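The structure displayed is predicted, hence computed values, not measured ones. Below, chain A is the first sequence line, B the second, and so on; all start at residue 1.
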6 protein chains.
Amino acid sequence: MFYHDGKLQYHVRVDKPNPHFAKMLQQAIGGIEGEMRVCLQYLFQAWGARGPKKYRDMLLETGTEELAHIEMLATAVALNLEGAPTETKSNFTAHPVVGAILGGMDPRHVLSAGLAAMATDANGVPFNGSWVVASGNLAADMYANVMAESTGRVLATRLYEMTDDPGMKDMLAFLISRDTMHQNQWLAVLEEIGGLTGVHPIPNSMPQSVELPEFNYTFVSTRRDPVENPEERWTTGQAPDEKGAFSFQPAMPIGGEPMLAPPKPEGHAQNEQMMEAAT
Amino acid sequence: MFYHDGKLQYHVRVDKPNPHFAKMLQQAIGGIEGEMRVCLQYLFQAWGARGPKKYRDMLLETGTEELAHIEMLATAVALNLEGAPTETKSNFTAHPVVGAILGGMDPRHVLSAGLAAMATDANGVPFNGSWVVASGNLAADMYANVMAESTGRVLATRLYEMTDDPGMKDMLAFLISRDTMHQNQWLAVLEEIGGLTGVHPIPNSMPQSVELPEFNYTFVSTRRDPVENPEERWTTGQAPDEKGAFSFQPAMPIGGEPMLAPPKPEGHAQNEQMMEAAT
Amino acid sequence: MFYHDGKLQYHVRVDKPNPHFAKMLQQAIGGIEGEMRVCLQYLFQAWGARGPKKYRDMLLETGTEELAHIEMLATAVALNLEGAPTETKSNFTAHPVVGAILGGMDPRHVLSAGLAAMATDANGVPFNGSWVVASGNLAADMYANVMAESTGRVLATRLYEMTDDPGMKDMLAFLISRDTMHQNQWLAVLEEIGGLTGVHPIPNSMPQSVELPEFNYTFVSTRRDPVENPEERWTTGQAPDEKGAFSFQPAMPIGGEPMLAPPKPEGHAQNEQMMEAAT
Amino acid sequence: MFYHDGKLQYHVRVDKPNPHFAKMLQQAIGGIEGEMRVCLQYLFQAWGARGPKKYRDMLLETGTEELAHIEMLATAVALNLEGAPTETKSNFTAHPVVGAILGGMDPRHVLSAGLAAMATDANGVPFNGSWVVASGNLAADMYANVMAESTGRVLATRLYEMTDDPGMKDMLAFLISRDTMHQNQWLAVLEEIGGLTGVHPIPNSMPQSVELPEFNYTFVSTRRDPVENPEERWTTGQAPDEKGAFSFQPAMPIGGEPMLAPPKPEGHAQNEQMMEAAT
Amino acid sequence: MFYHDGKLQYHVRVDKPNPHFAKMLQQAIGGIEGEMRVCLQYLFQAWGARGPKKYRDMLLETGTEELAHIEMLATAVALNLEGAPTETKSNFTAHPVVGAILGGMDPRHVLSAGLAAMATDANGVPFNGSWVVASGNLAADMYANVMAESTGRVLATRLYEMTDDPGMKDMLAFLISRDTMHQNQWLAVLEEIGGLTGVHPIPNSMPQSVELPEFNYTFVSTRRDPVENPEERWTTGQAPDEKGAFSFQPAMPIGGEPMLAPPKPEGHAQNEQMMEAAT
Amino acid sequence: MFYHDGKLQYHVRVDKPNPHFAKMLQQAIGGIEGEMRVCLQYLFQAWGARGPKKYRDMLLETGTEELAHIEMLATAVALNLEGAPTETKSNFTAHPVVGAILGGMDPRHVLSAGLAAMATDANGVPFNGSWVVASGNLAADMYANVMAESTGRVLATRLYEMTDDPGMKDMLAFLISRDTMHQNQWLAVLEEIGGLTGVHPIPNSMPQSVELPEFNYTFVSTRRDPVENPEERWTTGQAPDEKGAFSFQPAMPIGGEPMLAPPKPEGHAQNEQMMEAAT
C-alpha cells in the first residue's frame, strides 16, 4: 500500500518560466527514458517478484521514490508554463517572438491541460505501457533497469545543458544524482547474484548444453566481401561471461532456401498464385 | 512525496488459479477502465491543480489509494497464473483441455512476464497515456472521474460475475465498494462547486453571451425525413442547467458548400487537379 | 443508413489563414477531446444499444450531427493552410518569420496531406479507437458523453481565445453552443433514468448488498501521517447518491504482505531466484 | 452535412450466434482493412479535395455509404454475441466447450462493451488514425483506395469462408459485391485522369527531368552474388508508364562510407567516443 | 540471409545543416509513406510468399534495396543536425533566431538521440507495424506497393521543394527516381498476372457468382435528395474490370431497423435498460 | 548498403504445424523482446554512430544478422500455419478441438495475412518504433543491447520449453546460441570502453561535481515507517562504479509543498477555481 504527504522530494524552482523547456521536460515524464517508465517498471517488477523477498522490497522502495520524481517534474512543467502565450496571432511579422514561443511549445499544454503536465513525451506522444519491462528474470530486469537509468541520466544531463534557469539546473542536478545512485543500485544486485560471470548468459537457468557450440561465441560477420578476423575484443579471447572463447566467422546461409506450401484455396490468394504454384 | 509499506490494502486470495481470469483481470489494470488510468489521472490532476488547494489534496489522497489497487490486481494476476501450462502441444485432439486453457490465456503472461501482471489490457494492448485526462478545468475533470469510476465499476461487476472463485469475489467486492465511494466523492465536489445548475455549461467561465442562441439549447434532428418534435425530455422544457429551454429543429445546412483553393504547384497534386481546378 | 448533402452545417470562414491555428484545430478533430471521438462514440453506443429504443435513436441523431462538425473543422484546417510556406530556408537569420511559421505548423500538413486536415491531434498523434467508450451501461455512457462534451467545450473555448480571426471565432461560437446543448442533452437522459440518486452507484443493477459496508462510503486518507476527519463534503454527511453516509478513515493495509510462489523452472528465471526462493 | 434514417443498408441476420465470429468481424470494422478506415479515408479525401469538384462529390457519396457498412457490421457483432458465456469456470476439464468459446472470443466484448462492437480490430487493437490516407494527390489517393478495397475484399471473402451461418454469408456477399463496385469506381477515376500512362509516375506534376536517368527505370538487384539480367517483365522492355525502358543493374554503393562529425560535448556521449573520435 | 558493405547506395551530402529539415526527413524514414514501411512491407511479403517463386525473389531484391534508403535518410538526418542548438534560452526576445530553430526542430533529436535519426515520423510519432501490409494475395499486395511508392514519391517531391540545399536535392532526386522505377515495377507484376481485367475484382479466386448482381457494379448515391444518374465514368458504361456495367442507384435502406436483444442481467446494464427493454 | 541471397541463416523445419505456436513466435518477431527491435536498434545505432568507427562497423554487422533472424522466424510462422483451420463452426460442442485451435491462434494470421507472419507481437499488437533505442551515448546503448539480448534469450528459452516440435527446438537452440554471443559481444564493448568503473555513471562525460553529494550514493528508503540501514549490498560499502560509498536514508520531503499560480482566465478553468484561488 502507498501513502503521500503532498510535499516534494526536492526543490522545484523556476526562475524564468519557459514554455519551450516545459515541452522538453515532458520527455523526462512520459518519454521512454522518463520517470513514468521507471516508476511503473520497478513497481511491476516488485509486484511480480518471485524468489528472494529482499529484491521485491528494494524494487518497491525505489519504484515509490520514482513516483516522487514524476511529481517534481510535473510541478516543473506547470511552473514553466506560467506566463505562456495563449493566443496565436495571424500577423507573424509583427509578433515574431510570440510566434517563436508558440512554435516551440506543445499546443496541448494550453489546449488540453490548461498549463500543466501531461502523460506524454516531448512530442506529445502518449506514454506507452509496452515500455514497462518486467520479465520475471531478475538479471534481465536489472539490465533493463541499468539501461533505463543510463538513458535517463543521459536525458537529464542534456536537459541540464538546455536550460539557463538556476532553479531548473538545481532540480536536474538532483535527478542526475539519483540516477547515479540507481545505476549503482541495480549493478549491486547484479554483483550480488553472480556478477558478469555468474549471471550470463541470461537466463542462467537454461543449461548451455542446449546451445550449438559453433554459434554461441562466434562473431558472425555479414560483410558482403568476407574479411579476416580483425582481432577485436569481441572476435578473439575469452568472452566476458568466461563460458567460452570468441571466434570469428563470415556469414554463411546454411538453412537453404525456404519453401512454403502453395496458398490454400479458402485463403483467396489470386488464381495466378495457385495455378503457377509449382513454377 | 510517496511512501509504501509493502502490504496490500485488502485481501487478495486465489483459491483456484485460472489463467483465463488472469487475462480478464488485466482489463482492470491496464485497460481504459482500469486502475492505472484512474491512479495517474487523479495524480496528474493534483499535480496540475490550480485554485483551491483542498481539491489538490483530495486528488492526491485518492490517486495514491488507486496505486494500491493496481498492486492488489497485479498480485491477483500473478496468483491466478500459478499453475498455468507452459507448453503448447501440437496434438490438440489428445489435449483439448490444455489447448483450451492456452487458447484463453495471454501468451505474454508466460513469454514476456514469467507468470506476472503487465501494463496492458485484457487483449495485451499496452496502457496508453492519452487516457489520463487532466484538463485544468475542475468540473470537466470531475466528470472524467465520475465516468472513469462508472465504467470501472461496471467492469468490476462483470469480472465479479465471470468468476466462481471466492477469494476473487471478495477482492472484487472490495473494489466495487471503493468505486461506489469514489463515484460519490467526485459527485460531492461537483455539488460543492455549484451542482448541475452551477457547473454547466462547462466551463462556466466562458460567458454564454458568446453563444449563438438559436443553437445552444436546440436538439438538432439529423433524420433524413424531418419529423415533428417528439416532446422528449431533451427536446422540450427547461434544460438541466436551467440556463435555457430545449427546442427542436430539423438539421439544415446553413454553411453552404465549402470551396477550397486549387492545389499549390509545389504540393504536387496531379496535373489534372490543377488544370481542371476551375471546373 | 446515412446520407449527405455536401454542405456545411454552419459557416466556415477564414479571414487570415494561419497555419499555426490549423495545427491547433487538429486537436478538435482527432484529439481525445475532439469530434471524431464523440461522433464515433455516440454511433457505437447507438449500434450496441440494448434497452429502450429512444436512446438508440437519440444517439444516432447526435452522432450523425458530430460528423458534420468534423467536416466543418476539416474545412477550417484546409482554409487556414492556404498560403502556408512550403520551403524551409537554411538561413534562419534572414527569414525569421518564415522560420517561426514553419516551426509552429505541423510539417505533415504539407508533407503528408498537401494542405488539408488529418485524422490526428494537434501534435500529429493519430486518432485512437480506444477513446470510443460504449460500455453497454446507459448511465456510464451518458457520463462518458457529458465528460466528452465538457472537455470538448473547454477545448473550444481555448481555441476561441487563441484566434483573432472573426470567421474562426464565429465557427467556434457555434461549436461552443452545440456543446452546451449536448452537455444538457446527456444530463437530461441521466435525469430521466433516475437522476443522481437513481443512477448511482453505476451500475445500479448490481445489488449493493455485495458491497463491503466499511468501505463503500468511506473516504480513505492515504496521508503518511494520519489526520482527523477534515469534515469536508466528501468525508461527512449524506453521500450524493443518498444510499449511504460518508465517513473518514486513515488508510490501513489489511491485506498483509503478498507472497507469490517461487518461479517455475520452465519460466527460466535466474537460478538465484529459484535457489533462494525460501529466503 | 449528414443525415440518417436508423435503418440498415442491407439485411443483417444471425442464425446461430457465434462469439468467435464476432471477434473476427471486428477486423472488418476497426482493422486496417476495415470499414472505419475506408469511411474516414474517403471523407477526409473529400474534405481536403482541391481541383475538380466532381471527385470531392463522389468521395462524399461513398464515404457516407461506408458509414452504413460499419453500422451493419457493428450490428452483426452485437447479434453474434447474444448468447455468449459470461462466466469463466476454473474447472476446464468439466467445461471444455465453454472454455473453448471463452478462449476464442474477445474478453472485452463482455468486459468493456457489454456484448457489442468496439472500434478495434480482431485482436482488440484500437483503430488508428494513421491509416486514413489523404495525400492531396488524387492519383495517389485513388491507389490508396483501390488497395483498401482490395485488401478489404480479400478480408470479406475470408470471413465468408470462415462462417457457416446463412445470414452472415448473405451479409458478406453484399459487402463483397460493394467492394467489387468500389474497386472499379476508383479504377474508373484513374482511367479518367489519364490511365496508367497518364497518371504515372505519381505525382505527374514533378517534371521527370529532375530524375537521374541511370536510376529511374533500372531494376537494382541486391543479390550478394550478381546475376545476369533475368529478362523478366520488370527488367527489360518498355515500362508500364511508357516513359522509359526497364534495365537491370547489380547494386553498387556509389555513395561511399558516411562520416559523421564527432559528438558535441553538450550531447554527453561517453568520453571514449569523444576522445577517440579521430580513430 | 543479408549482407552489408557499410557504404551508401547514393551520395548523401548536406551543404547547410538545417535541423528543421532533419525533422521533415523523418517522415521519409518512419512515417507511413516512408522507407521503413516499404522495406518491411516488401520483406514480409517475400517471407510469406506462396505461389510462383519469382515474385518472392523480386520482393527480396527491392526490400533489401529499401533498407539502403533508410540508411541514406538516417545519414541525412544526422548531417542536418550537426550544428543544431542545444540550449533553449529563456529570453526569446534576445534570441529570436535560436528560438525559431528550436521551435522547428524535433526536441528528441537532441534529448533522445544525440543528433541522429529515430524510428519515428516528422512529428515524433513512432513507426507502427500495422502499416506493413502483406495480405497473402499478390494483386492486393502489388496495389499496396504501388500506393506506397505513389505516396512516397509525392512525399519525396514535397521534400525536394522544401529544401534549397544542393546535396539534399541531389539525394532526393535519386529517391524520386527509384520511386519511379518501383511504381513501374509493381505495375509490371500486375500486368503480368492479368492486368486490369485479369486481376479484378481482387481476389479473383472468389467466384463472382457469390455476388449480388444488383449491387456489384452499382454506384450508390447517398445524397439526401436523390438525383438523376450524372452519367459519370463510374455510373455508366463498362466497368474497368470488364466484368459488368456500371449503373446508378439512390441509396435505399433495405435492411430495416436493427433490433438487439435486451441486456443480459450479468452484463450489468442499468436497471432502466432492462425494465423498459420492451418499450 | 545491403545485399541478400534468399537463403536462411540456419535450418527452419516444422515437423508438426501448430497455429498456437505460430502466434507465440510472433513475440520473437514483432514483440518488444523480438528481432525487429534488435535489428533496427543496432542499425539505427550504427547510422547515428559518432566516435570510433569500429563500433559503427560492428553494429552494422550484427544489425544485418538480426534481419536474417526475422527472416527465419517469419518462415517458421508461415510453416506452423500450414494446416490451420480456416472455418469457425457455430457448433462448438461438435467441434471442440477445432474450437480450441481457433481460439488459440491469431485470427489475423488467416484474415489479414493469408497464413503468414506479421509485424506484430503475440497478441497482434503492432511493432512500435519507440522501442528502437539509439541514444548517441555508446555505453547507454550497449546496456540497451545487453538488456534486449537478455530479455530476448529469456523469451527464446520459454519458446523452447513451449514446443515439442524437434525442428522448432533446433531453430530456437540456434537463436539462444546467438543471444549468448550477442550478450557477450555488447559486454565486451563495455569492457573495452572502461568496464564498470570506467563507464559509470553513464554518461561519464558529465563531471560528477555537478551532483549533490548527499544524494548520489544514498539509498532512499520510502518505507512509511523508517527502518534502520539493512546493511544490504546497495546500502553500504563501495558502490560498483567505485566513485562513492553507499549510504542509507529514510525519505524526507525537502522540497516542501508546491504552489501553482491561479488559473489564467483565458484557460477557462471553472469560475470556482479562480474565485477561491486564494483559499
Side-chain angles (χ1 to χ4, degrees), chain D residues 3 5-12 32 61 64-65 75 78 82 86 114 130 135 137 140 143-144 146-147 150-151 154 157 173-174 177 180-181 183-185 187-188 192 200-203 206 210-212 215-217 220-222 224 233-234 239-241 253 255-258 260-261 266-267, chain E residues 3 5-12 32 61 64-65 75 78 82 86 114 130 135 137 140 143-144 146-147 150-151 154 157 173-174 177 180-181 183-185 187-188 192 200-203 206 210-212 215-217 220-222 224 233-234 239-241 253 255-258 260-261 266-267:
Chain D
Y3 308 89
D5 60 16
K7 296 179 192 146
L8 299 173
Q9 188 182 6
Y10 189 74
H11 311 292
V12 176
I32 192 170
E61 297 265 26
T64 306
E65 182 188 355
T75 303
E82 294 184 350
T86 49
S130 66
S135 70
N137 179 289
Y143 273 111
V146 173
M147 174 271 206
S150 296
T151 52
V154 169
T157 59
F174 173 79
S177 301
T180 296
M181 173 61 200
Q183 285 181 27
N184 277 282
Q185 180 174 331
L187 290 168
E192 187 172 82
H200 289 279
I202 296 170
M206 167 58 88
V210 78
E211 297 185 354
L212 306 176
F215 293 112
N216 58 354
Y217 289 93
V220 170
S221 170
T222 55
R224 185 189 198 178
R233 177 64 190 89
W234 45 86
D241 71 6
E257 279 205 80
L260 304 185
E266 63 271 36
Chain E
Y3 308 89
D5 59 16
K7 296 179 191 146
L8 300 173
Q9 187 182 6
Y10 189 74
H11 311 292
V12 177
I32 192 169
E61 297 265 27
T64 306
E65 182 189 354
T75 303
E82 295 185 349
T86 49
S130 67
S135 71
N137 178 289
Y143 274 113
V146 173
M147 173 269 207
S150 296
T151 51
V154 169
T157 59
F174 173 78
S177 301
T180 295
M181 173 61 199
Q183 285 183 24
N184 277 283
Q185 180 174 332
L187 290 168
E192 186 172 83
H200 288 280
I202 295 170
M206 168 58 89
V210 78
E211 297 185 355
L212 307 176
F215 294 112
N216 57 356
Y217 291 93
V220 170
S221 170
T222 55
R224 185 188 199 180
R233 177 65 191 86
W234 46 86
D241 72 4
E257 278 204 80
L260 305 184
E266 63 271 36

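Closest heavy-atom contact between D:E192 and E:W234: OE1-CZ3, 3.6 Å. In terms of heavy-atom proximity, E:S150 sits nearest to D:H200 at OG-CE1, 4.5 Å. Shortest non-hydrogen contact noted between D:P253 and E:K7 is CB-CB, 3.5 Å.
Heavy atoms of E:Q9 lying under 4.5 Å from chain D belong to its backbone as well as its side chain. Using a 4.5 Å cut-off between heavy atoms, E:E82 contacts chain D through its side chain alone, with no backbone atom that close. In this structure, chain D has heavy atoms under 4.5 Å from both the backbone and the side chain of E:V220. For chain E, the nearby part of D:E266 is the side chain; its heavy atoms alone come within less than 4.5 Å. For D:Y3, the part sitting under 4.5 Å from any heavy atom of chain E is the side chain, from C-beta outward, and nothing else. The contact between E:R233 and chain D is made by backbone and side chain atoms together, counting heavy-atom distances below 4.5 Å. Interface residue E:E257: backbone and side-chain heavy atoms are both found under 4.5 Å from chain D. For D:D5, the part lying near chain E is the side chain, with the backbone staying farther off; criterion is any non-hydrogen pair under 4.5 Å. Proximity to chain D (any heavy atom under 4.5 Å) is shown, for E:D241, by both the backbone and the side chain. Contacts of D:V210 with chain E are made by both backbone and side-chain atoms, with heavy-atom separations under 4.5 Å.
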key: CA sep, side-chain torsions, deciding dist, call: E:M147, D:V146, side-chain contact (heavy atoms from CB on, under 4.5 Å)   = CA-CA 9 Å; E:M147 173 269 207; D:V146 173; over 6 Å; no

ask   = Are D:F174 and D:H11 close enough, and set up right, to give a side-chain contact (heavy atoms from CB on, under 4.5 Å), and what steps lead you there?
value = CA-CA 9 Å; D:F174 173 79; D:H11 311 292; over 6 Å; no

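Side-chain contact between D:Y217 and E:T180: present, with at least one pair of heavy atoms (C-beta onward) separated by less than 4.5 Å.
Of the listed residues D:T75, D:I202, D:T64, the one with more heavy-atom pairs under 4.5 angstrom with chain E than any other is D:I202. Note on E:V154, E:T151, E:N137: by heavy-atom pairs under 4.5 Å with chain D, the leading option is E:V154. Chain D forms more heavy-atom pairs under 4.5 Å with one residue of E:A261, E:A78, E:G114, E:S135 than with any other, namely E:A261. Of the residues considered (D:G256, D:S130, D:A144), D:G256 shows the highest number of contacts with chain E, using heavy-atom pairs under 4.5 Å. Ranking E:P240, E:G267, E:A140, E:A188 against chain D, the residue ahead of the rest is E:P240, based on heavy-atom pairs under 4.5 Å. Interface remark: of the candidates E:N184, E:T222, E:N216, E:N184 forms the most heavy-atom pairs closer than 4.5 Å to chain D. Interface summary for chain E: among D:F215, D:Y10, D:Y143, the most heavy-atom pairs under 4.5 angstrom belong to D:F215. With respect to chain D, the highest number of heavy-atom pairs below 4.5 Å among E:G6, E:P203, E:A239 belongs to E:P203.
Using a 3.5 Å distance cut-off with no hydrogens or angles, the side chains of D:S221 and E:E61 do pair a donor with an acceptor.
Without hydrogens or angle criteria, D:S177 side chain to E:L212 main chain gives a donor-acceptor distance under 3.5 Å.
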